[in-house]
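A short worksheet on the structure shown next.
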Amino acid sequence: MCGPALDMMQRGFKIDTYQRNVQISRLEKEVVKVEGILNQYGMATWEKPIKARSPFLKELFYTFYNLPEQFRFDKGERKVTVNREALEKLSAYHHVLPIINAILTVRDTAKLLSTIRTEIDPDGRMRTSYNVAGTETGRWSSSSSVFGSGTNLQNITNEVRRMFIADEGKVLCNIDEEQAESRVMGLLMWSLIGDPSYLLANESGDVHTAVARLCWPHLPWNGEILHDREVAERPFYRHFSYRDMSKRGGHLTNYYGTPPTMARNLKIEEKVAAEFQLAYFKAFPGLREYHHWVAREIGLHQELTTPLGRRRIFFGRPGDDATLREAIAYIPQSTVGDILNCALWRIWRYCPEAQLLAQVHDSICFQSDESDLPRAIANARRLATFPLRMNGKALVIPVDAKVGWNWADETIKTSRGKVHNPNGLSKWKGSLAGRKRLSGVHSMVA
DNA sequence: ATTCCCAGCGCG
DNA sequence: AAAGCGCGCTGGGAAT
């Protein structure tokens with residue numbers, strides 16, 4: 001793995017420094033403005049400034065204002081918190097609403113700013129350091145480069161990805177393993193338990209609609225893709241469609257999430273979450289059995305081995321729920337990482353026209369000369385597509401390809417609305433289809 | 001002045 | 001009683 005890792009670490013990812021500077025000055029102004037407002041609130045109330053990220057916020061809300069303490073759980077411990085979720089609850093006390101809004105704005109903006117401000121190297125490139133043996137699951141991790149510049153490139157938001165660009169004369173391609181963890185979960189349920197239902201749902205084209213069909217069979221489905229999708233997008237509960245429920249609730253349920261968690265994350269009632277899980281487990285009976293299978297393996301051996309042969313020993317107490325949850329997540333997460341890394345290595349070794357730029361767990365970004373692009377993408381896809389076998393069953397994870405001149409999607413959702421990004425990534429359909437790299441002001445249509 | 005720790009939050 | 005897993009970075013403040 002050091003081959004492709006060093007290749008990317010040495011090359012670095014070109015940064016659009018103009019775009020970077022524009023963003024920095026815009027966000028700096030915003031932070032200064034809102035911090036000023038926050039300080040005025042502070043002086044007007046408890047006669048001290050208010051810092052959005054200070055631990056003393058606890059004192060402000062829970063002692064000075066005497067509001068009900070909010071808690072979070074951290075490794076089995078109940079702790080007082082002033083995180084986003086807590087502040088959103090406290091905003092029901094509308095005398096502190098302006099303070100809370102200002103705090104959340106400063107936090108969001110400062111976070112964004114700190115990533116965008118990350119030091120780039122003198123040649124205008126951002127470099128990272130990949131650790132190819134740094135995690136429990138076999139995934140890579142990413143951090144600042146050996147010289148202290150750059151940062152973790154595996155947690156860059158779409159908004160910030162806008163400043164990561166292709167070199168002159170080259171085009172970016174991002175390939176992605178589609179619904180990878182979910183498909184591996186399907187293979188596990190099929191090969192270990194004998195229940196193919198979840199894999200079939202995944203391979204139906206639109207997994208979330210398929211899951212919705214199985215969970216709510218009484219709705220007027222008729223098998224036509226567009227019609228069924230429309231049915232799935234009807235409201236289920238408040239702002240939630242059946243499809244939303246299937247997507248977010250399904251993922252959480254796969255990983256042993258409980259109704260209270262689902263209720264919190266999806267902002268729905270606990271009863272509604274429990275109802276969904278009942279239907280979900282009924283539609284995919286292999287899921288419960290997979291959870292039980294993992295519990296049994298951990299109880300007996302305290303270890304698991306993935307279909308690609310990666311063994312992990314679980315040092316937690318075998319009977320603990322926390323140990324079980326780590327174990328349930330392990331095989332899908334590790335397997336997807338290994339599949340992607342296998343693809344990465346093969347592209348590095350056999351597809352020289354693809355210059356690797358980044359690895360993000362289930363996706364790879366590379367660049368090619370425009371003239372090489374169709375060949376590079378065809379080769380990369382071929383090298384990344386291979387069957388995963390387990391107990392005589394097999395699965396192929398499809399590989400999606402997108403192209404553009406910067407690393408963000410064509411539509412960027414920001415806190416202030418949507419921004420059109422004409423140089424961004426769009427689905428590869430065999431050619432650039434008339435797309436051209438826009439420069440200067442034309443590349444930034446608000 | 002430097003190091004350590006925590007809380008919060010970003011991605012897959 | 002506790003309430004998906006896997007990471008890394010930053011700012012604030014305490015400890016050294």
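Letters A, B, ... are given to chains in the order of the sequence lines, protein chains preceding strands, and every chain is numbered from 1.
A/Ser363 comes within 4.0 angstrom of nothing in the nucleic acid, heavy atoms only. Among the heavy atoms of the strands, none lies under 4.0 Å from A/Val336. Across all strands shown, A/Ser142 has heavy atoms under 4.0 Å from sugar-phosphate atoms exclusively, and none from any base. Using a 4.0 Å heavy-atom criterion, one finds that A/Thr253 contacts no nucleic acid atom at all. When heavy atoms are screened at a 4.0 angstrom cut-off, A/Ile156 is found touching the sugar-phosphate backbone but no base atom. Within 4.0 Å (heavy atoms only), A/Phe56 reaches sugar-phosphate atoms of the nucleic acid but no base atom. Residue A/Arg107 is classed as a sugar-phosphate contact, given heavy-atom separations below 4.0 Å to backbone atoms only.
Distances shorter than 4.0 Å separate some side-chain N or O of A/Arg325 from OP1 or OP2 on C/dC5. Taking side-chain N and O atoms only, A/Ser141 has no distance below 4.0 Å to OP1 or OP2 of C/dG6. OP1 or OP2 of C/dG13 lies within a sub-4.0 Å distance of a side-chain N or O belonging to A/Ser54. Between A/Arg78 and the phosphate of C/dA1, there is no side-chain N or O to OP1/OP2 separation shorter than 4.0 Å.
For the side-chain contact (heavy atoms from CB on, under 4.5 Å) test with A/Phe314, the passing option among A/Glu297, A/His301, A/Glu326 is A/Glu326; the others fail. None of A/Leu38, A/Leu87, A/Leu104 except one satisfies the side-chain contact (heavy atoms from CB on, under 4.5 Å) rule with A/Ile99; the exception is A/Leu38. Considering A/Arg381, A/Lys427, A/Gln179 as possible partners of A/Asp400, the one that fulfils the side-chain hydrogen bond (donor to acceptor under 3.5 Å, both in side chains) test is A/Lys427.
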All N/O donor-acceptor pairs, side-chain side in residues 47-68 of chain A, below 3.5 Å, sequence neighbours left out:
| from | atom 1 | to | atom 2 | distance (Å) |
| --- | --- | --- | --- | --- |
| A/Ser54 | OG | A/Phe56 | N | 3.0 |
| A/Tyr62 | OH | A/Gln70 | N | 3.4 |
| A/Tyr62 | OH | A/Thr81 | O | 2.7 |

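Distance, A/Tyr256 OH to C/dA2 P: 15 Å, rounded to whole Å. Between A/Lys51 atom NZ and C/dA14 atom P the separation is 11 Å, expressed in whole Å. Rounded to whole Å, the distance from CE on A/Met262 to C1' on C/dA2 is 16 Å. Distance, A/Lys48 NZ to C/dG13 C1': 14 Å, rounded to whole Å. In this entry the distance linking CD of A/Glu136 with P of C/dC5 reads 13 Å, nearest Å. Distance NZ (A/Lys58) to C1' (C/dA14): 14 Å, rounded to an integer number of Å. Going from atom CZ of A/Phe71 over to atom C1' of C/dA1 covers 15 Å, rounded to whole Å. Per the geometry, CG belonging to A/Leu304 stands 15 Å off P belonging to C/dC5, to the nearest Å.
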For DNA chain C, just give me the dot-bracket, please: Watson-Crick or G-U, both distances below 3.5 Å, ( ) intra-strand, [ ] crossing earlier pairs, | paired with another strand, . unpaired.
....||||||||||||
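Looking at the side chain of A/Arg53, the nearest of the listed nucleotides C/dT10, C/dG6, C/dA3 is C/dT10.
With a 4.5 Å cut-off on side-chain heavy atoms, A/Val399 and A/Glu178 do not count as touching. A/Asn131 has its side chain out of reach of A/Ser142: every pair of non-hydrogen atoms, C-beta onward, lies at least 4.5 Å apart.
A cation-pi arrangement, defined by a distance under 6.0 Å to the six-membered ring centre and an angle within 45 degrees of its axis, is absent between A/Arg325 and A/Tyr256.
The outermost nucleotides of DNA chain B lying under 4.0 Å from heavy atoms of chain A, listed 5' to 3', are B/dA7 to B/dG12.
In this pair, A/Phe276 and A/Trp216 present their aromatic rings tilted. The plane angle is within the 30 to 60° band. Using cut-offs of 30° and 60° for the angle between ring planes, the A/Tyr280 and A/Tyr198 rings count as perpendicular. Between A/Phe164 and A/Phe13, the two ring planes are perpendicular [angle over 60°; tilted spans 30° to 60°].
Remark: the A/Gln333 side chain and the C/dC5 base include a donor-acceptor N/O pair separated by less than 3.5 Å.
In terms of position along DNA chain C, the nucleotide closest to A/Lys111 lies nearer the 5' end than the nucleotide closest to the other residue of the pair A/Arg117 and A/Lys111.
Under the 3.5 Å distance criterion, with hydrogens and angles disregarded, no donor-acceptor pair is assigned to the side chains of A/Arg161 and A/Asn158.
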